[in-house]
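One structure is given here, and the rest of the page talks about it.
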Amino acid sequence: MLVSVNLRPHASLGRVLDDLGGTLLDLVLGDPDRPGGIGGVAIHDPLDEPALPQHALVLGVGLAEPGEVVRQLRSLARHDAAGLVLRAPVTVTAAITAAVEETGVALLGLARGASWAQLAAMLRSLLAEGDVGDAEPETLAGLPSGDLFAVANAIGALIDAPVTIEDRRSRVLAFSGHQDEADPSRVETILGRQVPERFSRMLADRGVFRELYRSDQPVFVDRPAESPDGFMIPRVAVAVRAGDEILGSIWAAVREPLTPDRTQALCDAARLVALHLLRVRAGADVERRLRADLLSTALEGGAAAREALSRLGLADQPVVVLALAVSENGAEDAEIATERQRLADGLAMHLSAVHPRCAAALVGDTAYGLVPVTRDADGERRALRIAKDFLDRVGERVRAVVGIGPVARSAAELPEARASADRALRVLRSGSRAGRRVALLADVHVEALLLELQDLVAVRGDRPTGPVARLIEYDEQHHAHLVETLRAWLDAFGDVIAASAAVHVHPNTFRYRLRRLAEVGGFDMTDPEARFAAMLQLRVVAPPASPPARP
């Protein structure tokens, strides 16, 4: 989760500005040395009553009008918030200055070109403890375990250069101070939290990654003669390894090759970063399991559900259940499992940007999310908008679908809400609503009932009877198309022209087949009960129809 995380005591506003200031954040007004650590990150929602962790840092998405900023500062003071972040440039009026002095809530500016999602992700990396269940934070080489920003600053001091720590995909995990001393490409990398694709391609074409991952020594990357815009200062990089596994790399912007002493310091730092990365990964795995256990307990109901909701920060609050699944599409099991976890983590981050007390975790092969809603709001429709926005961000590369349950107003209603979300999800996964990626149960209730009838029929071993059974037998013996004809006619509500076009035959041929199926099956086409019975058998009991072949 991005918000409501436990933080180390030293995670103060001043610490945030030390690590992110100059690149992402600037202090506009207020005291950065205010006592007390930041208790979490929250997103400003003008349509919802704030539910903030203690000493929250609030991201004021969409806030700009001075009067609204003043009102928000005073509201945040009542919740003991630490600061409010606005998009730069921030308009400072006398009223805003007075409000900051009166409330003690600091005002910060988010750099132009940086997105709120990037800032939220960076704050998560900087603030999240990652030491689940430990009474005291562990340390590695005198630095808090998993605190990659502290590690990056230490390395930067050792080699006197601005440093980034990146994973195997060139995503920025942490960075040191003094990034303004590097070139525009470094600033662009940090703002996007990812090495831009044109720089990665250039490095790959020069064989830098191949050399980097093949050697345990730092690699000097000189500025190429025809470098992409913004690549102005050479780099030195070293791979971060755990045995044979490449965990990532450290990159420093330098103007000349490192001295032997600094080269050795960078090699030693790579081993230290490996320990921190392993600790972060272990802590993340523990936290995932803990959150999944709590979420699963809450969704199952029973005596322990209320306690689980309380530990998730959702006690006594109406919630909507989201159920997310990914289509397998013939992928390997390991690839599917990785994709599921990636989507579950993405859903958790997306939901946390919506409400500070959302919870999400992977339970089995389904990722569930709990979204708090107000008692007088249309929670289902709000969840629908949230799910659509998430799937739009995921894109079409991954075939993900989301089912949404009704509002659960207590722990006792959660199992039923989860069952409804699962039923909607099953319809979407079955493909009976082609092209649809998110649905409330009310939107697909009939399809859900049909799937459940098919389950009942399969368990009981029922077979088609009456006219439908006779038509199936006749088709098998004479290679006719009477069942296909009946299905098309029923689907077209008796419109011969539309039905004949659906099976690619001439209308006169179709009419002839209709007469034959009435004779062979003993089917009264004028009887509404007979039509309903035939339609139900064809959809639930009879074998699925194969696509009609063109003549």
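Just so you know, residue 1 is the first one in the sequence shown, and it goes up from there.
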* Not counting sequence neighbours, list each pair that qualifies as a salt bridge (Lys or Arg N to Asp or Glu O under 4.0 Å) and has a residue in residues 255-275. => Asp268-Arg271
* Which residues satisfy the salt bridge (Lys or Arg N to Asp or Glu O under 4.0 Å) test with Glu197, sequence neighbours excluded? -> Arg201
* Asked: Just how far is it from atom OG1 of Thr164 to atom CG of Leu173, taken to the nearest 0.5 Å?
  -> 9.0 Å
* **Lys/Arg cation over aromatic Tyr213: Arg168, 6.0 Å, 45° cone** => yes
* Is the closest side-chain heavy-atom distance between Ser185 and Met232 below 4.5 Å? -> no
* Structure fact -> Contacts of Arg214 meeting side chain to side chain donor-acceptor pair (under 3.5 Å) (sequence neighbours excluded), chain-then-number -> none
* Distance (rounded to the nearest 0.5 Å) between Arg381 CZ and Ile386 CD1 -> 13.5 Å
* Counterpart residues, ring-ring contact (aromatic ring centres under 6.0 Å, His included), relative to His55 (two or more places apart) -> none
* Asked: Is Arg436 close to Leu428 at the side-chain level, that is, under 4.5 Å between some pair of heavy atoms?
  -> yes
* Taking the side chain as every heavy atom from C-beta outward, state whether Val172 and Gln194 have any atom pair closer than 4.5 Å. => no
* Asked: For Arg171, which residues count as a salt bridge (Lys or Arg N to Asp or Glu O under 4.0 Å) partner, sequence neighbours excluded?
  -> Asp167
* Quick one: salt bridge (Lys or Arg N to Asp or Glu O under 4.0 Å) partners of Asp216, sequence neighbours excluded? -> none
* Asked: Is Phe390 close to Leu343 at the side-chain level, that is, under 4.5 Å between some pair of heavy atoms?
  -> yes
* Asked: Mind checking whether Val105 and Leu107 have side chains closer than 4.5 Å, heavy atoms only?
  -> no
* Should we say atom CZ of Arg437 is surrounded by more than 12 heavy atoms from elsewhere, each under 6.0 Å from it? -> yes
* **Test side chain to side chain donor-acceptor pair (under 3.5 Å) applied to Ser296 - qualifying residues, sequence neighbours left out** => Glu300
* Please list, chain by chain and in numerical order, all residues satisfying side chain to side chain donor-acceptor pair (under 3.5 Å) with Thr103, sequence neighbours excluded. => none
* To do: Quick one: list whatever passes ring-ring contact (aromatic ring centres under 6.0 Å, His included) with Tyr368, sequence neighbours left out.
  => none
* Asked: Does anything in residues 65-79 pair up under salt bridge (Lys or Arg N to Asp or Glu O under 4.0 Å), and if so which pairs, sequence neighbours excluded?
  -> Glu68-Arg71, Arg74-Glu102
* **For Asp160, salt bridge (Lys or Arg N to Asp or Glu O under 4.0 Å) partners two or more places apart** => none
Kindly list each side-chain donor-acceptor pair under 3.5 angstrom involving residues 202-212, sequence neighbours excluded, with atom names and distances?
{"residue": "Arg206", "atom": "NH1", "partner": "Asp222", "partner atom": "O", "Å": "2.9"}
{"residue": "Arg206", "atom": "NH2", "partner": "Asp222", "partner atom": "O", "Å": "3.3"}

